[in-house]
S.K.: 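Once you've had a glance at the structure underneath, I'll fire off some questions.
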Amino acid sequence: MKLLKKTTYLFSTLLLVVLMFQSNIKAQSNDECLQQVSIFAEYAKVKNYNAALGPWREARKNCPSANAAIYSYGERILQQLIENSEGQEKDQHIEDLISLYDQWVEYFPERKGVSEVGGIMGKKAQALLDYEVVETKTIYLSFKEAYESDPNSFTNPKHIYNYFKSLHDLFKQKNPLVSEELLFEVYEDLSEKFVKEGDNYSKRLDELINKEDQATALSNVEQRNKKAFGSYINAFSIFHSNMDKIIAREASCENLIPFYQRNLDENKGDLIWVKRATSRMYTKDCTDSDLFVTLVETMHQLEPSADSAYFLGYLTDKSGNTQEALKYYQEAIELEDDAYKRATILYRLGLEFKKANNYSAARNYFQRALKDRPSLGKAYLAIANMYASSANNCGETQFEKRAIYWLAADEARKAARVDPSVKQDSNKFIESYMGRAPSKTDIFTEGMEGQTVTFNCWVGRTITVPSLSK
């Protein structure tokens with residue numbers, strides 16, 4: 001019995017020593033991993049990727065789950081290796097990068113509790129496309145998997161665009177994987193995705209614009225954020241526009257009408273399908289067809305909404321019953337609780353009244369849209385265009401008629417200030433309007449420096465003539 005107790009004691013002691021030894025080894029191993037991560041991260045931060053390469057490889061090999069920096073910086077390290085190599089060596093680095101994305105998803109699928117799988121897999125699909133290592137079908141399926149696995153983190157505008165482009169390329173190749181129905185379904189889905197992601201940044205930008213409008217200075221961080229938000233908004237706008245261009249042929253009225261007509265019976269109970277079809281036909285100006293009327297009525301029957309009320313107003317307006325149309329338009333505005341969606345409706349209304357040359361009503365709707373969405377630069381540009389178009393009808397003298405271009409230029413400047421996606425167009429308009437406004441010679445000759453010009457037409461605005469010293 002004593003021997004048994006002694007043996008048990010010795011075994012327990014030995015086991016404790018072994019566990020302590022293993023624990024020390026593990027702690028030492030963890031310390032070495034963290035040291036390697038720290039070393040390569042410091043080099044990578046200053047873009048010295050050659051020096052970072054060795055310790056990065058050691059960390060990735062020995063402790064792949066130690067830190068997410070292994071993958072975020074590893075991506076940059078491998079991209080530089082790819083850029084500076086050729087042939088078989090380059091192919092090996094590309095293969096390594098692709099496997100890095102798979103490891104990234106395996107070990108660090110989340111950041112601060114939020115999934116990043118869609119974004120990481122989108123990077124993998126983009127790499128397959130950039131380095132031309134697989135066929136179009138595989139690229140498309142990679143983007144598709146990235147988007148469908150985690151749409152919330154699949155937000156890179158370039159990835160969204162290339163997802164659709166790879167799908168469209170397969171459609172043009174008549175690949176049986178892509179039907180016309182799938183093409184339009186994904187197109188509508190990604191169009192909404194572009195709008196949603198762009199709006200997310202616009203809302204954040206609007207907060208800063210409102211702060212500036214209240215004469216509150218932005219902090220350095222807010223200034224940087226404002227610039228960053230603007231860049232994102234511009235990127236979403238550009239890639240969305242590019243996506244529209246590549247499907248322009250398929251999305252013509254000539255193709256849309258028979259397509260939606262063919263699929264109407266099957267989908268007339270699907271509210272999302274009906275909404276998308278109605279919106280697409282409206283956007284493409286296919287509104288003279290009986291199908292558009294049917295879609296609007298079906299949409300309103302399925303679920304009366306701000307959009308359906310707007311389209312009913314549009315049809316009523318087209319039939320010549322403007323007063324009845326206004327009732328529908330007002331209903332559309334009242335039914336929409338979301339400020340951004342309401343701004344879209346108000347902007348549409350502004351365009352309709354502008355088209356009808358009812359500039360006063362159009363401006364009212366544009367200004368209401370801007371109240372809901374301060375970064376809606378195209379509303380300012382529309383107002384600027386109406387001012388410029390009224391030059392011959394506002395003012396008594398030639399000087400006064402041309403002075404309205406100063407007002408137009410001011411509106412265009414507002415557009416450029418709040419909306420980076422229209423900045424390039426805004427600058428062109430500003431240059432054009434200022435070129436048509438009175439010159440310094442005109443101001444001097446007419447003796448108008450510092451004088452005010454009042455426009456008693458629909459514009460109803462007063463402007464002070466600039467100083468000759470400016």
Side-chain angles (χ1 to χ4, degrees), residues 75 79 94 97-98 101 105 115-175 177-205 228-252 255-256 276 279-280 283-284 344 375 377-378 419-425:
E75 178 186 36
Q79 285 172 342
I94 292 171
L97 178 63
I98 301 304
Y101 291 125
V105 170
S115 174
E116 290 193 316
V117 171
I120 297 168
M121 293 178 69
K123 290 182 177 186
K124 175 184 174 180
Q126 186 65 47
L128 292 173
L129 172 63
D130 290 341
Y131 300 121
E132 301 177 344
V133 293
V134 294
E135 61 182 359
T136 303
K137 177 182 174 181
T138 303
I139 292 169
Y140 158 66
L141 291 174
S142 296
F143 277 120
K144 181 176 185 289
E145 183 183 7
Y147 178 62
E148 293 182 350
S149 66
D150 181 22
N152 288 334
S153 69
F154 188 84
T155 58
N156 187 307
K158 187 176 182 180
H159 297 171
I160 299 171
Y161 168 78
N162 280 323
Y163 172 27
F164 182 76
K165 186 177 185 303
S166 60
L167 171 72
H168 187 260
D169 287 343
L170 288 179
F171 177 77
K172 290 193 298 182
Q173 295 167 14
K174 301 187 184 303
N175 189 300
L177 194 66
V178 185
S179 64
E180 188 177 26
E181 286 77 9
L182 179 63
L183 181 74
F184 279 108
E185 179 184 341
V186 175
Y187 171 67
E188 295 294 351
D189 201 24
L190 296 184
S191 291
E192 292 172 6
K193 178 72 172 175
F194 271 121
V195 172
K196 176 186 175 183
E197 299 300 337
D199 284 355
N200 286 339
Y201 284 105
S202 292
K203 289 174 182 178
R204 297 164 75 178
L205 178 61
F229 297 158
S231 296
Y232 286 128
I233 292 166
N234 195 37
F236 281 112
S237 175
I238 291 172
F239 280 108
H240 191 180
S241 176
N242 289 342
M243 187 176 78
D244 284 342
K245 289 175 183 175
I246 63 177
I247 199 179
R249 183 182 180 87
E250 290 82 10
S252 65
N255 292 325
L256 285 179
R276 287 177 170 180
S279 178
R280 187 56 47 206
T283 302
K284 292 296 181 179
T344 298
S375 60
K378 57 186 179 181
D419 190 349
S421 69
V422 301
K423 190 171 184 177
Q424 188 173 5
D425 287 338

S.K.: Under the 3.5 angstrom rule, does the side chain of N255 hit a backbone N or O of R249 as a donor-acceptor pair?
M.R.: yes

S.K.: Over all heavy atoms of both residues, which pair between S115 and S153 is shortest? Give the atoms and the distance, please.
M.R.: O-CB, 3.5 Å

S.K.: Shortest non-hydrogen contact from S142 to L128?
M.R.: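 That closest heavy-atom pairing would be OG-CD1, 3.4 Å.
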
S.K.: What are the two closest non-hydrogen atoms of I139 and S166, and how far apart are they?
M.R.: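 Shortest heavy-atom separation between I139 and S166 comes out as CG2-CB, 4.2 Å.
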
S.K.: Identify every side-chain donor-acceptor pair in residues 184-192 under 3.5 Å, counting partners at least two apart or on other chains, and give the distances.
M.R.:
from : atom 1 : to   : atom 2 : distance (Å)
Y187 : OH     : D244 : OD1    : 2.5
E188 : OE1    : R280 : NH2    : 3.2
E188 : OE2    : R280 : NE     : 3.0
D189 : OD1    : R276 : NH2    : 3.3
D189 : OD2    : Y147 : OH     : 3.1
S191 : OG     : Y187 : O      : 2.9
E192 : OE1    : R276 : NH2    : 3.0
E192 : OE2    : R276 : NE     : 2.8

S.K.: Check the orientation of F154 and Y163. Use parallel for under 30°, tilted for 30 to 60°, and perpendicular for over 60°.
M.R.: perpendicular

S.K.: Is it the case that the side chain of S241 and the backbone of S237 share a donor-acceptor pair, with hydrogens and angles ignored and the cut-off at 3.5 Å?
M.R.: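 Pair absent, no side-chain N/O of S241 close to backbone of S237.
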
S.K.: Please find the pair of heavy atoms, one from P420 and one from N234, that lie closest to each other, and give the distance.
M.R.: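 Taking every non-hydrogen atom into account, O-OD1, 3.4 Å.
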
S.K.: For a quick test of reading the model, state the closest non-hydrogen atom pair linking I120 to Y101 and the distance between them.
M.R.: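 Distance-wise, the nearest heavy atoms are CG2-O, 3.7 Å.
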
S.K.: Salt bridge or not between D199 and K203? Use side-chain N to carboxylate O under 4.0 Å.
M.R.: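 No salt bridge links D199 with K203.
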
S.K.: Return the set of residues passing side chain to side chain donor-acceptor pair (under 3.5 Å) with K378 (not counting sequence neighbours), or none when no residue passes.
M.R.: none

S.K.: So, does K124 use its side chain to make a donor-acceptor pair with the main chain of A146 at under 3.5 Å?
M.R.: no

